[in-house]
Asker: 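Dumping the structure here so I can ask a few things about it.
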Amino acid sequence: MKILLADDHDLIRETLVLYLGAQIDAQVVEVGDVAGAERAIAQAGDVPFDLALLDYDMPGMDGLAGLAVIRGLMDPRPVAILSGTASRSVARDAMAAGARGFLPKTMNARSLAAAVTFIASGEIFVPYGYLEQDEHAPVGELTARETQVLRGLTEGRSNKDIGRLLGLQEVTVKLHVKTLCRKLDARNRTQAAMIARDRKMIT
């Protein structure tokens with residue numbers, strides 16, 4: 001399998017490549033923006049990509065305009081969106097715009113590899129129940145993992161320390177922190193911890 005991975009964060013790209021390499025036999029070409037993805041597709045020649053994975057927040061995406069560009073170049077092969085922070089409404093819009101999958105970056109290695117294989121085979125993938133969840137639910141309704149990460153923040157732990165305690169990659173913890181900041185309407189990790197303590201969200 002030949003995969004195009006477009007993401008502007010080096011650490012996230014490296015982690016995703018590590019995940020995929022450990023689970024499936026795939027050649028992964030990495031780029032950092034939509035322009036790089038366009039060049040890679042043009043240079044693929046007689047061995048086209050089986051799947052393109054695009055970070056929703058990288059340079060050149062311009063909302064979902066970048067998805068349309070890459071879909072046009074990849075057609076009929078699938079394109080999926082990766083994101084650590086995009087809302088469920090964005091996920092719904094991406095699927096309506098022709099994305100063949102929406103993959104939260106907090107997925108574990110095995111699930112991510114399975115989803116990639118599923119999409120590359122011509123199927124559509126979104127985590128079960130993801131699009132139906134209410135993104136306006138009360139902020140106290142965090143996932144079990146988010147609650148664990150939030151507890152680490154309130155204890156003043158670093159991302160590395162939290163990852164070691166929970167058995168997670170540091171980059172995965174960072175994505176959870178970003179999600180927590182969005183859910184709690186916090187500017188940074190420190191404010192998220194303060195909000196959690198004020199609202200007695202961690203017992």
Asker: Working to the nearest 0.5 angstrom, can you tell me the gap between Ile119 CD1 and Ile124 CD1?
Answerer: 9.5 Å

Asker: Could you walk me through whether Leu4 and Leu51 pass the side-chain contact (heavy atoms from CB on, under 4.5 Å) check?
Answerer: CA-CA 6 Å; Leu4 173 61; Leu51 169 65; over 6 Å; no

Asker: With clusters defined by side-chain heavy atoms of hydrophobic residues (ILVMFWY) lying less than 4.5 Å apart, directly or transitively, does Leu20 cluster with Val29?
Answerer: no

Asker: Please determine whether side-chain contact (heavy atoms from CB on, under 4.5 Å) holds for the pair Lys2 and Val28, giving the CA-CA distance in whole Å, both sets of side-chain angles, and the decisive distance to 0.1 Å.
Answerer: CA-CA 6 Å; Lys2 186 176 180 182; Val28 182; over 6 Å; no

Asker: Would you give the length of the straight line joining atom CZ of Arg164 to atom CG of Asp161, rounded to the nearest 0.5 angstrom?
Answerer: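 It is 4.5 Å, given to the nearest 0.5 Å.
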
Asker: Please find the pair of heavy atoms, one from Leu184 and one from Met201, that lie closest to each other, and give the distance.
Answerer: CD2-CE, 3.7 Å

Asker: Could you tell me whether the side chain of Leu165 reaches within less than 4.5 Å of the side chain of Ile162, counting heavy atoms only?
Answerer: no

Asker: Cluster question for you: counting only ILVMFWY and a side-chain heavy-atom cut-off of under 4.5 Å, with indirect links fine, are Leu54 and Val126 together?
Answerer: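 Cluster IDs for Leu54 and Val126 match.
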
Asker: To the nearest 0.5 Å, what is the distance between CD1 (Ile3) and CD (Gln27)?
Answerer: 9.5 Å

Asker: Within the distance-only criterion (no hydrogens, no angle test), does the side chain of Thr117 pair as donor or acceptor with the backbone N or O of Ala113 below 3.5 angstrom?
Answerer: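 Yes.
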
Asker: Mind listing the closest non-hydrogen atom pair of Pro104 and Pro127 along with its distance?
Answerer: CD-CG, 3.5 Å

Asker: Identify the heavy atoms of Leu67 and Ala97 that sit nearest to each other, and give their distance.
Answerer: CD2-CB, 4.0 Å

Asker: Contact between Pro59 and Val34 at the side-chain level, heavy atoms closer than 4.5 Å - yes or no?
Answerer: no

Asker: Minimum heavy-atom separation for Met74 to Ala52, with atom names?
Answerer: CE-N, 3.6 Å

Asker: Could you report the tightest heavy-atom contact between Pro78 and Arg100, atom names first, then the distance?
Answerer: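 In this case the closest contact between Pro78 and Arg100 is CB-CG, 3.5 Å.
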
Asker: At what distance, to the nearest 0.5 angstrom, does CG of Leu11 lie from CD of Gln169?
Answerer: 8.5 Å

Asker: Working to the nearest 0.5 Å, report the span between CG of Leu16 and CG of Leu82.
Answerer: 6.0 Å

Asker: Are Met58 and Leu73 connected, step by step, through hydrophobic side chains (Ile, Leu, Val, Met, Phe, Trp, Tyr) whose heavy atoms are closer than 4.5 Å?
Answerer: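 The answer is yes; both residues are in one hydrophobic cluster.
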
Asker: Linking I/L/V/M/F/W/Y whenever their side-chain heavy atoms sit closer than 4.5 Å, directly or via other members, would Met1 and Val79 fall into one cluster?
Answerer: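 Different hydrophobic clusters.
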
Asker: Under 3.5 Å, side chain of Lys174 to main-chain N/O of Asn159, donor-acceptor pair present?
Answerer: no

Asker: Kindly indicate whether the side chain of Pro48, heavy atoms from C-beta on, has any atom under 4.5 Å from the side chain of Arg77.
Answerer: yes

Asker: Hey, is the main chain of Tyr19 close enough, under 3.5 Å, to the side chain of Gln23 for a donor-acceptor pair?
Answerer: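 Side chain of Gln23 to backbone of Tyr19: no pair is present.
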
Asker: Measuring from atom CZ of Phe102 to atom CE of Met95, what distance do you get when rounded to the nearest 0.5 angstrom?
Answerer: 9.5 Å

Asker: List the steps, then state whether side-chain contact (heavy atoms from CB on, under 4.5 Å) holds for Ile81 with Leu103.
Answerer: CA-CA 6 Å; Ile81 296 291; Leu103 309 179; over 6 Å; no

Asker: Would you call Asp55-Arg13 a salt bridge at under 4.0 Å N-O?
Answerer: no

Asker: In this structure, would Leu53 and Ile41 fall into the same cluster of hydrophobic residues linked by side-chain contacts under 4.5 Å?
Answerer: no

Asker: Heavy-atom count around Met194 CE within 6.0 Å, excluding the residue itself: above 12?
Answerer: no

Asker: Can you see whether Gln148 engages Arg151 through a side-chain donor-acceptor pair at a distance of less than 3.5 angstrom?
Answerer: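 No, no side-chain donor-acceptor contact under 3.5 Å.
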
Asker: Which heavy-atom pair separates Ala186 from Ala192 by the least distance, and what is that distance?
Answerer: CB-N, 3.6 Å

Asker: Could Lys183 and Glu146 be called an ion pair, given the rule that one side-chain N must be under 4.0 Å from one carboxylate O?
Answerer: yes

Asker: Here's a test for you: under side-chain contact (heavy atoms from CB on, under 4.5 Å), which of Val171, Val17, Leu5 qualifies with Ile12?
Answerer: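 Of Val171, Val17, Leu5, side-chain contact (heavy atoms from CB on, under 4.5 Å) with Ile12 is met by Val171 alone.
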
Asker: If we only count heavy atoms from C-beta on, is the Lys160 to Val173 side-chain gap below 4.5 Å?
Answerer: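 Lys160 does not reach Val173 side chain to side chain.
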
Asker: Using modelled atom types only, decide if a donor and an acceptor are shared between the side chain of Asp62 and the backbone of Ala65 within a distance under 3.5 Å.
Answerer: no

Asker: With a 6.0 Å cut-off (strictly less than), is the heavy-atom count around CG of Asp25, excluding the residue itself, greater than 12?
Answerer: no

Asker: What's the verdict on side-chain contact (heavy atoms from CB on, under 4.5 Å) for Val149 and Leu180, showing C-alpha distance, side-chain angles and the deciding distance?
Answerer: CA-CA 9 Å; Val149 172; Leu180 285 166; 3.8 Å; yes

Asker: Are the side chain of Arg189 and the backbone of Leu153 linked by a donor-acceptor contact shorter than 3.5 Å?
Answerer: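 A pair under 3.5 Å: no.
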
Asker: Please check this pair: side chain of Arg197 against backbone of Thr154, looking for a donor-acceptor N/O pair closer than 3.5 Å.
Answerer: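 Yes, because the side chain of Arg197 sits within donor-acceptor range (under 3.5 Å) of the backbone of Thr154.
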
Asker: Can a donor-acceptor pair be found, under 3.5 Å and without considering hydrogens, that links the side chain of Thr147 to the backbone of Thr143?
Answerer: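 Yes, because the side chain of Thr147 sits within donor-acceptor range (under 3.5 Å) of the backbone of Thr143.
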
